[in-house]
**Q** 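My questions all concern the structure below.
Excluded from the calculations below are hydrogen atoms, water molecules and symmetry mates; all remaining heavy atoms, backbone and side chain alike, are included. Below, read A as the first sequence line, B as the second, and so on, with proteins coming before strands; counting in each chain starts at 1. For clarity, every value in this text was computed on a predicted model and none was experimentally measured.
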There are 2 protein chains.
Amino acid sequence: MGVTDDDRVFKALADPTRRLLLDRLFVRDGRTLTELESELEMTRFGVMKHLKLLEAANLVVTRRSGREKLHYLNPVPIRQIHDRWIDKYTEHRVSALLDLKDELENA
Amino acid sequence: MGVTDDDRVFKALADPTRRLLLDRLFVRDGRTLTELESELEMTRFGVMKHLKLLEAANLVVTRRSGREKLHYLNPVPIRQIHDRWIDKYTEHRVSALLDLKDELENA
DNA sequence: AATATACGTGACCAAATGGTCACATGTCAA
DNA sequence: TTGACATGTGACCATTTGGTCACGTATATT
């Protein structure tokens, strides 16, 4: 059977290395494969496979510049996950709760 | 090596059957294993394994009532995924974009 | 007490996944 | 144009994962 869009997104997020890549791009995006590779304990091929899956899931979008390929974080699929299981009413309660938790931990 | 909390969450979300279970609980929770099983094309054992993983990830919380075990959706880990990669500023832009998309599709 | 109901465990196996390597193409610089 | 750099492909293999089954425990019902 065909693979759905959301299947690609959740599968992409299931791996810790790929989440770390998103974390790195969240701090600053527009990075190349080589730059990202240098921060990970893995060969270039492993990192490339991971980036390919993130791109296929549309969690990362890319732009070519000469021989380099620049990677950017795309927040849209993440927000769609949120909206799937949190309605407007619940969102208000939960985000207030987590804000409070954050306040207490940094006090 | 130790399995982290977020690892459990993302792994739990990676399977389409488990996402379907969350969808069912989003519509109405407090369901038993037997009720959930009756809606899926799978044996009770498969569904039980999936629910166990969802519970270990804290995406589902349970309450016992006699010989039944009732399952409830917990939105907190979902919101935490959101907050990991979407800051307040981006949230505003992205949710506005998705609201517009929704408007256009239902027009 | 006897029977049915609801949930639970461990073993087992096919399929999917994560990571590496040999090899290859395209781009920049001297 | 020669060599270095950046990215890309397909094969390969160890590990993890999804699903089923034989068997077992606890609670309800008659």
**Q** Drop me the distance from D102(A)'s CG to N106(A)'s CG, to the nearest 0.5 angstrom.
**A**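 Separation between the atoms: 5.0 Å.
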**Q** Rounding to a whole Å, what distance do you find between L70(A):CG and dT7(D):C1'?
**A**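 That distance rounds to 12 Å.
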**Q** Would you say dG8(C) has OP1 or OP2 under 4.0 Å from some side-chain N or O of K69(B)?
**A**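 For dG8(C), OP1/OP2 do have a side-chain N/O of K69(B) under 4.0 Å.
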**Q** Can a side chain N or O of R67(A) be found less than 4.0 Å away from OP1 or OP2 on dG8(D)?
**A**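 R67(A) to dG8(D) OP1/OP2: no side-chain N or O under 4.0 Å.
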**Q** Could you please name the option among dT7(D), dT20(C), dC21(D) that lies closest to any side-chain atom of F45(A)?
**A**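 My answer, after comparing the listed nucleotides, is dT20(C).
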**Q** Using a 3.5 Å distance criterion without hydrogens, assess whether the side chain of T90(A) forms a donor-acceptor pair with backbone atoms of I86(A).
**A**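 No; judged by distance alone, with no hydrogens or angles, the pair does not exist.
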**Q** Whether the side chain of S65(A) engages the backbone of E68(A) through a donor-acceptor N/O pair (distance < 3.5 Å, no angle test) should be reported.
**A**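 No; zero donor-acceptor contacts below 3.5 Å.
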**Q** Counting only side-chain N and O atoms of T34(A), is one of them less than 4.0 Å from OP1 or OP2 of dT7(D)?
**A**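 Yes, because at least one side-chain N or O of T34(A) sits under 4.0 Å from OP1 or OP2 of dT7(D).
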**Q** Quick one: is T17(A) getting a side-chain N or O under 4.0 Å of the dG18(C) phosphate, OP1 or OP2?
**A**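 No, T17(A) has no side-chain N/O under 4.0 Å of OP1/OP2 on dG18(C).
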**Q** Please report, rounded to the nearest Å, how far the P atom of dT16(D) is from the CG atom of D7(B).
**A**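 Between P of dT16(D) and CG of D7(B): 12 Å.
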**Q** Closest approach to the side chain of R18(A), judged atom by atom: which nucleotide of dG18(D), dG18(C), dC21(D) is it?
**A**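 Output: dG18(C).
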**Q** H50(A) side chain N/O closer than 4.0 Å to the phosphate oxygens (OP1, OP2) of dT17(C)?
**A**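 No, no such contact exists.
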**Q** The side chain of M42(A) lies closest to which of these nucleotides: dT7(D), dG18(C), dT20(C)?
**A**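 Nearest listed nucleotide: dT20(C).
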**Q** Taking only N and O in the side chain of K52(A), is any of them less than 4.0 Å away from OP1 or OP2 of dT9(D)?
**A**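 Yes, such a contact exists.
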**Q** For R31(B) and dA6(C), is the shortest distance between a side-chain N/O and OP1 or OP2 below 4.0 Å?
**A**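 So the side-chain polar atoms of R31(B) never come under 4.0 Å of the phosphate oxygens OP1 or OP2 of dA6(C).
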**Q** Which nucleotide in the set dG18(C), dA6(D), dT9(D) lies at the smallest distance from any side-chain heavy atom of M48(A)?
**A**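 Of the options given, the side chain of M48(A) lies nearest dT9(D).
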**Q** Between H71(A) and R31(A) (side chain of the first, backbone of the second, donor and acceptor by atom type, cut-off under 3.5 Å), is there such a pair?
**A**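 At least one qualifying donor-acceptor pair exists.
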**Q** Examine dA26(D): is either OP1 or OP2 under 4.0 Å from a nitrogen or oxygen in the side chain of R64(B)? Give yes or no.
**A**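 For dA26(D), neither OP1 nor OP2 has a side-chain N or O of R64(B) closer than 4.0 Å.
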**Q** Could you give the CZ-to-C1' distance, from R44(A) to dA4(D), as a whole number of Å?
**A**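 Roughly 13 Å, once rounded to whole Å.
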**Q** Counting N and O atoms only, with roles assigned by atom type, does the side chain of R24(A) sit under 3.5 Å from a partner on the main chain of E39(A), one being a donor and the other an acceptor?
**A**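 No, R24(A) side chain to E39(A) backbone: no donor-acceptor pair under 3.5 Å.
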**Q** Strictly below 4.0 Å: does K11(B) bring a side-chain N or O up to OP1 or OP2 of dT17(D)?
**A**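 Yes.
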**Q** Could you tell me whether a side-chain N or O of R18(A) sits under 3.5 Å from a main-chain N or O of K11(A), the two making a donor and an acceptor?
**A**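 It does hold such a pair.
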**Q** Measure the distance from CZ on R8(A) to C1' on dA16(C) and round it to the nearest whole Å.
**A**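 Distance, rounded to whole Å: 16 Å.
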**Q** For E35(B) and for K49(B), find the nucleotide of DNA chain C with the closest heavy atom, then tell me which residue's nucleotide is more 5'.
**A**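 Upstream on the strand: E35(B).
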**Q** Across the strands shown, which category fits G66(B) at heavy-atom distances under 4.0 angstrom: base, sugar-phosphate, nothing?
**A**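 Sugar-phosphate, no base atom in range.
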**Q** Given dT20(D), is OP1 or OP2 found less than 4.0 Å from the side-chain N or O atoms of T43(B)?
**A**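 Affirmative; the distance criterion is met.
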**Q** Within this structure, what is the CZ-to-P distance between F10(A) and dT17(C), rounded to whole angstrom?
**A**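 The distance from CZ of F10(A) to P of dT17(C) comes to 15 Å, rounded to the nearest Å.
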**Q** What integer distance in Å separates L21(B):CG from dG19(D):P?
**A**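 For the pair L21(B) CG and dG19(D) P, the rounded distance is 10 Å.
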**Q** What is the separation between atom CG on L20(A) and atom P on dG18(C), rounded to the nearest whole Å?
**A**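 For the pair L20(A) CG and dG18(C) P, the rounded distance is 15 Å.
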**Q** Rounded to whole Å, please give me the gap between CG in L54(A) and C1' in dG18(C).
**A**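 Taking atom C1' of dG18(C) as the reference, CG of L54(A) is at 14 Å.
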